[in-house]
Amino acid sequence: MRTAKRGALGGASNEAGASHRAGLAALLAVYGLLEEPVPWLRSDAPPVLLRMEADLHVDDVVVDFRDGTRVFIQAKLSAGRRAFEDTVDQWCRAVASGECKPGDELLLVVARTTATYQSLADALVSRRDGASPTAAAAGHLQQLRRLAAGHGLDASGTQRLLDAAAIRVVDARDNNPGEALGTACLNAAVVLAGHGQAAFRAMRAAARTQAEQRSSSDQGIWRSWLTDAHLPLTADASGSAAARLEAGEQAIKRYRAQWAQTQDVLPLADLGLGLTSMTVPGMTKNLRATPPGSENKDDKLVDAVRRQGRLFLVGRPGAGKTVASRLIAARWAANDRAPVPVWLRLRDLIPRLPATGPYRLEVRDLIDAALGDAQPLLTEALLARVEQGQALLILDALDETLGHRDPVVEAVTDLIGRLPADLDILVTSRHSCLHSAGLLRLPVYRMQDPWHLTDTLDRLLLAVAEQLGDEAADVGWKAERRARIAHSRHAEPDLWRIPLMATLMVLLIAQRPVRAVPSGRAGLLQEVIDSSVRQWEMRRTTLTVPDTAPELTADVLFDCFDDIARLVAAHGSAPWQHAHSAVSDRLQQHWGKAAGTAAAAARHILEHWDATAGVFISDIPQGTLTARTRLFAEIGEARWAVRNSAALSQWMDQAAVERPESARLAASLSPLAADALINLALDQGDGMLDLVHAAIKDGAVFPEAALHTYRQAQLDRLTTFPDRHPPASSEYVIDLSVGKSPRAEFIIRLASEDLDTSQSEQLCAAAAAMSPRLEAVVTALCLEQQAQRNGREFTCFRLRACPQRPARCARTGRSRGRDASSWPVVIQSRRAPTSRRVCCAGCPLWPQAKALRCRPVAGVRSVRQSLLRPDRPVLLDGVWGPVWLSCVPASVGSRCE
């Protein structure tokens, strides 16, 4: 028989020794998963940390227990003399260096032993138990003392070594008793029944890898050894520690899945308008914020939270802070590698604060506020994640804590100081709480308008159309609403930059029938601001006004809004005391409140419009009030003027000159205000007439007799406008007005008004004096107005009957014939609705356009409402994009290209 070489024997021995150490470590980790003490160790606490090949004197396996003690283990296959002496040498150095402290253990763990060393092991146990040693045991102990002295330990050190030393026999290699013990412990308690042995062997293999990497592991890593091996774990909330841990992990998975379902979801149901939530792909990525010190640079909010970890996000009311914070939570929840999100409103912490300071909170208070008390398993799982720094705390709406803000900030600041440094935190608030960011020691990011807001609003319009069903199935329904939205966005750009206001505007325009939507600009603004109070602020906070019935709270708030707005609009800003006095007077005179109650209620109302709604804001408490956007002050002042009819005329005389926007809005709200404005305009002329024109566009209604006089006054101004803008003052200036005519622009503006026949002829004559093309445009617009006034449809046959000179194609010179299909047509671009081209049968574009048949149209100004085959737009060339063809005289367009 061949004898193995010495090197091969040494390699096999090393392999067996490594397997022995790994099996021992795996068995210790099993007790750690069970959270039970190891029966053959002194500590009554379970293992919590396992280190292998540690940089310590006893380095094979070092175990930390929950009670703070440690066990230093030297693992040998057998207890020979040389192995024992080497172990004692390591023990002595551990004692001498102070690594081994009182309560710790020094272990020699062998797979097999001899009678001599078993006798020494028994002697050490007897000594620890206080029993009198036998002669043989005393001899073994004395031999150990001599070895300790030989390694330099004094009597005290030797005593500590004897107190800590122990020898154990454990063999956890394949098919050995230790493996059977580990298998039995794991079976059903940690993994499903029947998988115990596979689980133990997987843990032993992982422990061996850990030894090679000289790393440490804890309960989470021990559990990952099993999940990486794809072993089925037992989940039982009342079972072993590992089973409870698995039950908690599954609860977190369900929690993550629930949050992940809201990823990129716009929560329309929160508005209380009968809508369901809508998914907007990429919505989370479009969120923007400005980092501190970078006023002109926007950052993706997702990237800022991921990179910064902790930040304070501020934004104006309606900017979408709560929606953004929930979208962040959903995105984090959808990624298993990301910290688990914990989202809560800070106002929900108020009931959990102590009655008096110092104000303190615990992590459990935050979890309970986020989840409620009905999910104890998930609560414990999230609590562990937060304490381990593996969570993202999202604390929303600090501004909603109102009078409890300081206690909440104090409690949260204290809690953050006690949490792990790598725990991520996001706090959101309006600007009224900006000073709290310094107390929380968080960098401030400012919420910006999201990218692609226009696309989101269009999706919202389509969602409403789908909800309405057949009523909104027609293409014309969508085209008409889009046109109204585009007009409003052009008229009120500041309002449409606020996501909440923009959303309410779209819903107001889309959900109601055309006749039910306020026709005037002022009425639309008034209604959307009212909706923001009644359908948003009243739903998200509990608004109260002293001595006021809940059902009247919104009416009182909105009524006093006008008094604040009047002061701010008149002076650009208003001292808090002046606004408080005005509101208090209104509450006494109109709402019948006593002086003391009115003063108290006025404070609540000012606080609402400042800190809560953020409409009239101040940088410091009870400081100077300014309007978030001047539009709020203007519509409020207009409402204030309308309700004070006795002083309306006097107010109009001043406001029309100093604050024309307020006067214009007031004319749209009240016939009395409209009369005052047009009488003032007819008296003063010039710019005041233009203000009447703007009010007409807003939907203001004026007396017919006054309107006729106004239009004639406008026609009389035609000769005062120059035919061309003057050239630029410098050759280095790009002159955008080259070739443009103020008079032609004014003529086109007048053509859109409802002129009578005589006035239309005057306007057409003035246009003809400038150019035939302008004459054709004015003729078409005047005919459209006449058709609308007579309640008739404006068609190409009405244009055909027009006693104007024939329209001609600018390139071919061809005029329209009797056959309407041979008429020149106007080509209007979707991308540039104000740009039109003209072609006829002799033009290069005609072969592509002639297949389309003309339909009656509503005129040049409303080509979009009379689209031909809108579901299949024709691409005439790559520059102009999709176009629609409408049958309009060629001279209405610019030129044939």
Side-chain angles (χ1 to χ4, degrees), residues 17 20-76 79 83-84 86-110 121 124-125 127-129 144 148 151 153 156-170 172 178 181-182 185 203-204 206-208 210-223 225 241-242 387-388:
H20 170 55
R21 287 190 294 273
L24 173 62
L27 188 58
L28 292 167
V30 167
Y31 285 101
L33 286 173
L34 296 174
E35 286 194 351
E36 294 181 0
V38 182
W40 35 272
L41 294 179
R42 185 186 309 176
S43 176
D44 293 329
V48 294
L49 186 68
L50 192 67
R51 286 175 285 178
M52 302 186 68
E53 301 300 332
D55 292 327
L56 299 171
H57 292 101
V58 181
D59 60 352
D60 280 356
V61 182
V62 179
V63 186
D64 289 35
F65 295 89
R66 183 169 293 170
D67 61 3
T69 61
R70 291 193 293 183
V71 170
F72 302 87
I73 301 176
Q74 203 66 23
K76 305 291 184 183
F84 179 70
D86 289 344
T87 299
V88 172
D89 175 61
Q90 292 173 312
W91 287 354
C92 291
R93 281 185 280 147
V95 171
S97 64
E99 288 177 356
C100 180
K101 296 180 174 55
D104 294 344
E105 280 191 275
L106 297 168
L107 251 64
L108 171 61
V109 178
V110 295
L124 290 170
V125 172
R127 179 184 178 282
R128 185 179 301 168
D129 294 340
L144 183 56
H151 287 289
L153 285 186
S156 174
T158 300
Q159 187 70 17
R160 292 201 305 274
L161 184 145
L162 291 174
D163 290 341
I167 301 174
R168 300 284 186 239
V169 179
V170 179
L181 175 61
C185 291
M203 293 184 70
R204 185 171 58 208
R208 184 163 184 172
Q210 178 184 330
E212 294 170 355
Q213 297 173 347
R214 300 170 61 88
S215 60
S216 61
S217 58
D218 57 12
Q219 190 181 62
I221 295 177
W222 303 332
R223 181 178 174 277
W225 292 349
E387 291 175 342
Q388 294 164 8

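- Side-chain contact between Trp225 and Ser217: present, with at least one pair of heavy atoms (C-beta onward) separated by less than 4.5 Å.
- In this structure, the ring-ring contact (aromatic ring centres under 6.0 Å, His included) partners of Phe84, at least two apart in sequence or on a different chain, are Tyr117.
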* To do: Go through the steps to decide whether Ile73 and Glu105 satisfy the test side-chain contact (heavy atoms from CB on, under 4.5 Å), and finish with yes or no.
  => CA-CA 8 Å; Ile73 301 176; Glu105 280 191 275; over 6 Å; no
* Can you list the steps and then say if Gln210 with Glu53 is a side-chain hydrogen bond (donor to acceptor under 3.5 Å, both in side chains)? -> CA-CA 9 Å; Gln210 178 184 330; Glu53 301 300 332; over 6 Å; no
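- A pairwise comparison of heavy atoms in Val109 and His20 identifies O-NE2, 3.3 Å as the closest pair.
- For the atom pair CD (Glu36) and OH (Tyr31), the distance works out to 8.0 Å, reported to the nearest 0.5 Å.
- Proximity of Phe72 to Leu56: side-chain heavy atoms (C-beta onward) are separated by under 4.5 Å at one or more points.
- Taking all atoms of both residues into account, the shortest heavy-atom contact from Ala54 to Arg51 is CB-CB, 4.3 Å.
- The heavy-atom pair separating Ile221 from Ser216 by the smallest distance is CD1-O, 3.9 Å.
- Checked by atom type and distance alone, the side chain of Asp64 never pairs as donor or acceptor with a backbone atom of Val48 at under 3.5 Å.
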* Any chance you could lay out the side-chain contact (heavy atoms from CB on, under 4.5 Å) test for Val63 and Arg70, step after step, and finish with the verdict? => CA-CA 5 Å; Val63 186; Arg70 291 193 293 183; over 6 Å; no
* Going through the distances and angles, do Asp86 and Lys76 end up as a salt bridge (Lys or Arg N to Asp or Glu O under 4.0 Å)? -> CA-CA 11 Å; Asp86 289 344; Lys76 305 291 184 183; 5.6 Å; no
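- Smallest separation of non-hydrogen atoms from Asp60 and Ala75: OD2-N, 2.9 Å.
- Side-chain contact check for Asp59 versus Met52: every heavy-atom pair is 4.5 Å or farther apart.
- Using a cut-off of 4.0 Å between Lys/Arg side-chain N and Asp/Glu carboxylate O, Asp104 and Arg42 are scored as not salt-bridged.
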* Asked: Where do Leu162 and Arg127 land on the side-chain contact (heavy atoms from CB on, under 4.5 Å) test, with the steps shown first?
  -> CA-CA 9 Å; Leu162 291 174; Arg127 179 184 178 282; 3.7 Å; yes
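- Here Gln213 contributes atom CD and Arg208 contributes atom CZ; the two are 13.0 Å apart, rounded to the nearest 0.5 Å.
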* Would you please test Val58 and Leu106 for side-chain contact (heavy atoms from CB on, under 4.5 Å) and show each step? => CA-CA 8 Å; Val58 181; Leu106 297 168; 4.3 Å; yes
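- Atom NE2 of His151 is separated from atom CG of Leu161 by 9.5 Å, given to the nearest 0.5 angstrom.
- Proximity of Leu28 to Val71: side-chain heavy atoms (C-beta onward) are nowhere separated by under 4.5 Å.
- A heavy-atom distance below 4.5 Å is found between the side chains of Leu144 and Val88.
- Counting all heavy atoms, side chain and backbone alike, Ala207 lies closest to Ala25 at CB-CB, 4.0 Å.
- Val38 is not listed as a side-chain neighbour of Ser43, based on a closest heavy-atom distance of 4.5 Å or more.
- Counting only heavy atoms from C-beta outward, the side chains of Leu41 and Leu107 approach each other to under 4.5 Å.
- Here the CG atom belonging to Asp89 is positioned 10.0 Å from the CD atom belonging to Gln74, to the nearest 0.5 angstrom.
- Once rounded to the nearest 0.5 Å, the distance linking CZ of Arg223 with CE of Met203 reads 12.0 Å.
- Formation of a donor-acceptor pair under 3.5 Å by the Thr87 side chain with backbone atoms of Ala83 is found in this model.
- The two atoms that bring Gln219 and Ala241 nearest to each other are NE2-CB, 4.4 Å, heavy atoms only.
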* Asked: Can Arg66 and Glu35 be said to form a salt bridge (Lys or Arg N to Asp or Glu O under 4.0 Å), step by step?
  -> CA-CA 9 Å; Arg66 183 169 293 170; Glu35 286 194 351; 3.1 Å; yes
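- For the pair Leu27/Val170, a side-chain contact is recorded, criterion being any heavy-atom separation below 4.5 Å from C-beta on.
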